[in-house]
Structure formats: structure tokens, C-alpha cells
2 protein chains.
Amino acid sequence: MSGPTTRTRATMSDVAAAAGVSLKTVSRVVNQDGYVSAETLATVQEAIQRLGFRRNEFARQLRQGTTATIGLIMEDVADPFYSVLTRAVEDVALAHNYLLLSASSNEDASRSRQIVESFSSRGADGIILAPAQGTDPAFLAAEIAAGCSIVFVDRIVPGIEADTVLADNAGGSCEGVTHLIAHGHRRIAFFGDDASVFTAGERLSGYRLALADAGIAFDDDLVMLAAPTRDDLEDGIDRILDLEDPPTAIFAGNNRWSVRLLRHLKSRGEIATRGFVGFDDFELSDVLEPGVTVIAQDPATMGQLSADLLLRRVGGDRRAFEQVRLSPRLVVRGSGELPGPHA
Amino acid sequence: MSGPTTRTRATMSDVAAAAGVSLKTVSRVVNQDGYVSAETLATVQEAIQRLGFRRNEFARQLRQGTTATIGLIMEDVADPFYSVLTRAVEDVALAHNYLLLSASSNEDASRSRQIVESFSSRGADGIILAPAQGTDPAFLAAEIAAGCSIVFVDRIVPGIEADTVLADNAGGSCEGVTHLIAHGHRRIAFFGDDASVFTAGERLSGYRLALADAGIAFDDDLVMLAAPTRDDLEDGIDRILDLEDPPTAIFAGNNRWSVRLLRHLKSRGEIATRGFVGFDDFELSDVLEPGVTVIAQDPATMGQLSADLLLRRVGGDRRAFEQVRLSPRLVVRGSGELPGPHA
DNA sequence: GTGAAAGCGCTAACAC
DNA sequence: GTGTTAGCGCTTTCAC
């Protein structure tokens, strides 16, 4: 294999030579700064066209000390929650002429750290971070001290002060479970991510809170905590569904779990046999029969708000950190209103 | 508002001063290049730690003339097809220590061009591009001439030679429509993107081909071509469904159209009343009742292949351009097997 | 209106 | 083993 392609872009001095002017004059034309005679302007512009010159942003940024770059690190772009959030951040970045770097941590703290370092050493002014479980606070603190602003989205790292955009996970979860209870369910299964994932912990608390409010004892047998992407969960799910005193309703802790569970239920031939509420909306939740009742988050708004906060911060804003909690909305569609035995 | 935050990262010479050695020695430590005495090494590493030094990638890249950066430009990350593709590209890039820049063109040629320019001026060695309709070939040609490799994914720009990863759109579409015909349908509606979108044109050809093969006349009244994200399509859809000689089956040209149509059908109270096949799979297609028969693409493989091709190309490979056509798979789930009147 | 020189933070080439 | 010098492509400062 031969060596890497060396890019052969024309430089400013190439243009200057071609146009028979000094480098600085070209710079003036490119940056529309200072006065250039109409004639020189035309000559230089022609040379720029002809050579296909494009300013090297690295060199410019190196000299100016600014980068106009922000980063976004989430668990997985392929998750619809994050892909919608990403798109919203993209749009804000583009509108402000910022470059957006984004990457998936795959819920791996060391990969996440590697990405943060990569973005930071590329001069990102700030990073919107949905921290993977196990993220080292000391590392982040050093990053912040070095001048890279952090905005947490969806999750936080305890002990690190930063602007934050979160959903009210416990509240939403509590509302969803309470909704099931109101429809006559007392045996409600909970499926969620590892409790070490920030949102999962909060959502589990909400579940427990709702049970406690209704005077229902918490039963560990009804709870399953695992990454919904694992492929060895079927037995565990069946074990819960087939308990001696089985759940008459199910609460899914995120959209991945919802999809997984609905698929599993269908494979068991169970359509609409148990109450179902999921945290986070997903595509086709309204087309399934019955429609799936969810606690809907608003990932686009979460993305937009976090980008706004970050741009404000990297713009030099010094005010106290903001902690935004967005209330998710209960969207009633049918699956959560199936009557339980106590209805 | 005060000025932008100036990042206050320590530089190599800061570290050198702190450690009482020369800049070059620090460089040696950072790059693990050349010999450094154990003692000096320790001193320098301590200083690096203490000052929170991180090498400035811009300066390094400027000096070395390499960037190890690639770009990905697609229509919309929030579309599951592209988000899965993006994730695959990310993984390849990360594995090769490349930085990935990605952005959504929003199907807008000028936004797309702006993004290409932005990536290119940031030294991207190459770009994986799903070109928006109306992309200017001359512009791309200039970009390529300037040393930025292009790999087309999902779509091409006619007249531009480049490595290409496409689905067999016409073939897949033809297979899907033929499948409906085999189940007794002769009135089959087609809903797809504007024909100016590359994939939409190919898929429409496949539809026509299947009809022709079966000796069925093409009927313009059964065809609707529009961006499925528009919010004024309901009447047009109804007009087709309510034709005097109405379609007994529907072919959806992409996953967005499938979702849109299934939702529309449900709102009309029509579940499983017409045959349905969609191009491109989507989440929950298997959980709907009946399951939705689709022509499944493989966006992850498309992403991975295009990233492999691009990295090979930017690595200096000079062999002839490759044109990969991936055959989509017919996945039978029920909706496409509902019998038509001629079954 | 235009240009020459210095320097952003780093690495390459060559001393010592 | 370590240091010095030059220069990547650009902007800044100041001179003409």
C-alpha cells in the first residue's frame, strides 16, 4: 500500500503568487477586511477560483486561538432518542456557524473518555455530554479546568457542577406507574437499564415511589435491570411474566426496552393481555394495536436547550449553572388503560 | 456579553519550562519517539500531569500535513436508516483512529455544499456523501480535484466518478411489487419521494418494471411522489385510496412513507384491508399486526462498506473505483401476503 | 491601498 | 540523550 494521499490544496501564498500580489492582500480579500482596489480584488478572486483555493481552517484557528467547534457525546446515535437529539444540536450549531463533532460512547466509559480527549485536543470549546456509567469525575473536572465547557444532557456525573438538561425521570416514571395502578393493577413489572445508568436509577425510584404511594409492597421478583441490547434476556423476561403471582402490567424503562418487550409479548401470542406503559416515546407507538401509552420525552427540545446553554457558556457567559428539568408527558393511547384485576 | 472564553491549555513550551527541559524533549515524551532518560521522562510526565497538558491537534496536523479526519453527510441523522449507517461509520472511523465529522443536509443542496466546504476546509481527507438532490457536479469535481476523496452512499451524482455503495433499488422495488402481484393484486399504489431523489427514481422504475412484467398498465393516478415529511399529504393519500377503482395494495418507497401510510391507514380504521410492502425495514415492522412485509436494506453494512472504501482511498489506494450494489432482502411478515382480488 | 515580518503550537531535520 | 532551528498556512502588527 502506498502512503496516504497528500492533499494538494492551493495555499494563500500560491494564490498570491498567481495573482502577483502579496499574501496579505489575498488574506484581505478572503476575509473582506480592509480596503482592496477593485482591480486587485478581481485579479485575486480570479486566482482563487482558478486554483480552487479554500482557506485552511486549522491554520486560521491556530493563529486566532478560536475554533468555533462543539462536541456531542452520547450512548448511541442509532438510538432514536439520541438521533433526534443529535439532529437538534446539529441545527443549533449550524445556525451559529459552529462545527459539531459527535460520537457514540457505546456506554463505555473508556471509549467516552477517549472521545472527550479527541474532541478537546481538537480545540472543542465545549462538549454536550450524556456521560456513560462509570465516567471519572476527576477527569472531567480537569477538562473543565482546562477551559472546555461541559453541558450534561440526559444524565449527569455526580460531583461535577455544570449546566444540565435532564428529564424528570422519577416524576415521569411515577406518573406512568400510578396511571397503571389507577387502572386496577397492583402487580407491575419494571424493566430498565442497569441501575448504574443515571436515568435508570431515577426511573426505578419513581416506580418505587408510585408503589409506596399506593401502599403496594415492592417486589424484587418483578424487577429486571439490564441493557436491553443484550441477547440473553428472553429467559429472564419469561421468568417474570410467568411468576406464580404474575404481573398484570408492565412498565418499560426506555424505548429500547419497550420495543424489546412488545416483540417478546407478541412472540408469546400476548397482545393486549397486560397493561403496558413505556418511558420515552417511539415511532409507531400510536400505530400498534392497542396504541402504546408512554411517558413521552422531548429529545429535540433537550438537544436544542443543551446546545443553547453550551453556546451561551462558550460565548463567555459567567452566570450560575442552570439545571433544567423537563417534565415528560403522559400520552394515553390504550395499552396503559387496559383494566387490571382491581379495576 | 463578554468575549468568548479563551481556552487556557498549557502548551508544550509551558511544560518544557515547568520541567526545565527543552520543548523538543517534551515532544519526544508526548510522541514516545527517540530516547529520553528515565529521569527526564518522569519529570516531564509529572509536569504534563500537573499542567493538564494536551497536545494541540491542529498544530500537529498543520505541521504534519495530515488530519486523519473523514466526513459523513446525509439527509437527516434522525432518520433511522441514516442513524444506523452513521453508527457503523463511526465505529470504523474509531477503529482506525480517524475523527468523524457528520452532518445532515436536510435534503438541501446549498446546505450540503456549505457542509462539504466546512469539512474540506477542516482538512477532511475524504467524505462519505449521500448527495442531496440538485447537488452541483462541478463543485464536487473541484473538491475531488483538490484532493478530497468522495464515496457516494445510498445515492450518486451522475457524472461524478467515485467509489459507490448503493442498494439495488430498482431490483428490490421490483421484487416487492412482484410479490404483491403474485398474491393477487393488480391495482397497486406507489408512494415515494420526489423522483429527483436518486433512490426514489430507481424505486419507481422497479415498480414500473414489475407492472410491465405482469402485463399491468401503469396508472399515474396510483402514484404519489412527495417528501413524506410534508404535513399536507393526507388529502392526496385519501384521493388515491378512494379512487373509483381503488388500489388493493400499497407499495411504500421508504421507511418514512411506510410509517406515514400505516398511521394514515389506522386513522381510517383500515387494518389489514390492503396488501402492503415497504422499501427499507423499520423498527416494530415485525410487531405490528399483521407484520409488515418489507424489502430490507442493510444500512449498517452500507455504512461500514463505504467507510472501508473511503479509508482505503484516503490511505493512498489507486485502484479503479468500486461500485457496490447491495441486494435488499424481501422479508415476509404478513402484510404483503394478504390476498388480492385476483388471488 | 498594499506589503514585510513575527508568531500561533507543534514536528522534522540536524546539530551537539 | 538532548537542544536548536526552521516552517506548516494563516492572521496580526506596523510600516510604507
Side-chain angles (χ1 to χ4, degrees), chain A residues 3-4 6-45 47-48 51-69 120-124 146-147, chain B residues 3-4 6-45 47-48 51-69 120-123 125 146-147:
Chain A
T6 31
R7 302 201 63 196
T8 47
R9 282 241 179 258
T11 71
M12 270 196 184
S13 49
D14 294 338
V15 175
V21 298
S22 82
L23 199 169
K24 178 59 198 171
T25 301
V26 178
S27 171
R28 285 202 180 89
V29 171
V30 171
N31 297 300
Q32 298 164 12
D33 124 77
Y35 297 92
V36 180
S37 73
E39 194 187 357
T40 323
L41 183 75
T43 322
V44 172
Q45 280 175 335
I48 288 177
L51 300 180
F53 168 79
R54 179 143 323 133
R55 178 174 60 195
N56 179 327
E57 282 298 321
F58 291 149
R60 173 192 172 80
Q61 290 171 5
L62 179 59
R63 184 60 241 239
Q64 290 201 141
T66 64
T67 59
T69 299
S120 174
S121 62
R122 261 141 169 141
Chain B
T6 31
R7 302 199 66 196
T8 47
R9 281 239 180 262
T11 70
M12 271 197 185
S13 49
D14 294 338
V15 175
V21 297
S22 82
L23 200 171
K24 180 63 198 171
T25 302
V26 179
S27 172
R28 285 203 179 89
V29 171
V30 171
N31 297 299
Q32 300 164 12
D33 128 76
Y35 299 92
V36 179
S37 75
E39 193 187 357
T40 326
L41 184 75
T43 321
V44 171
Q45 280 175 334
I48 287 176
L51 300 180
F53 168 79
R54 178 141 327 133
R55 178 173 60 193
N56 179 328
E57 281 298 320
F58 291 148
R60 172 191 172 82
Q61 290 171 4
L62 180 59
R63 182 62 239 239
Q64 294 204 139
T66 65
T67 60
T69 299
S120 174
S121 62
R122 261 143 170 139
D125 300 313

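Here is how names work: the chains are called A, B, and so on, in the same order as the sequence lines, proteins then strands, and each is numbered from 1.
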Side-chain heavy-atom pair [X], [Y] within 4.5 angstrom cut-off:
X       : Y       : result
A/Val44 : A/Arg28 : no
B/Val21 : B/Thr43 : no
B/Gln45 : B/Val29 : yes
B/Asn56 : B/Thr11 : no

Whether each nucleotide of nucleotides 10-16 of chain C has a protein heavy atom under 4.0 Å at its base (B), only at its sugar-phosphate (S) or at neither (-) is summarised, 5' to 3', as BBBB---

Do A/Arg9 and B/Ser120 have side-chain atoms, one donor and one acceptor, less than 3.5 Å apart?
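Yes, side-chain donor-acceptor contact under 3.5 Å.
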
Considering heavy-atom distances to DNA chain D, does B/Leu62 or B/Val21 have its closest nucleotide positioned more toward the 5' end?
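The residue closer to the strand's 5' end, by nearest nucleotide, is B/Val21.
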
Working to the nearest 0.5 angstrom, can you tell me the gap between A/Arg60 CZ and B/Arg122 CZ?
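Taking CZ in A/Arg60 and CZ in B/Arg122, the distance rounds to 9.5 Å.
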
Presence of A/Ser37 side-chain N/O under 4.0 Å of C/dG1 phosphate oxygens OP1/OP2
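Checking A/Ser37 against C/dG1: no side-chain N or O falls below 4.0 Å of OP1 or OP2.
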
Below 4.0 angstrom from OP1 or OP2 of D/dT4, is there any side-chain N or O of B/Ser22?
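Answer is no, no contact under 4.0 Å.
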
[atom1] of [X] versus [atom2] of [N]: gap in Å, rounded?
X       : N      : atom1 : atom2 : value
A/Arg9  : D/dC10 : CZ    : P     : 11 Å
A/Phe58 : C/dG7  : CZ    : C1'   : 19 Å
B/Asp14 : C/dC8  : CG    : P     : 11 Å

How large an angle, rounded to 10°, do the end axes of the helix from C/dG1-D/dC16 to C/dC16-D/dG1 enclose when each is built from five base pairs?
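Computed angle between terminal axes is 40°.
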
Derivation of the side-chain contact (heavy atoms from CB on, under 4.5 Å) call for A/Arg55 and A/Asn31
CA-CA 10 Å; A/Arg55 178 174 60 195; A/Asn31 297 300; 2.5 Å; yes

Check A/Leu23 against A/Ser13 and note the closest heavy-atom contact, atom names and distance.
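Between these two residues, the closest heavy atoms are CD1-CB, 4.3 Å.
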
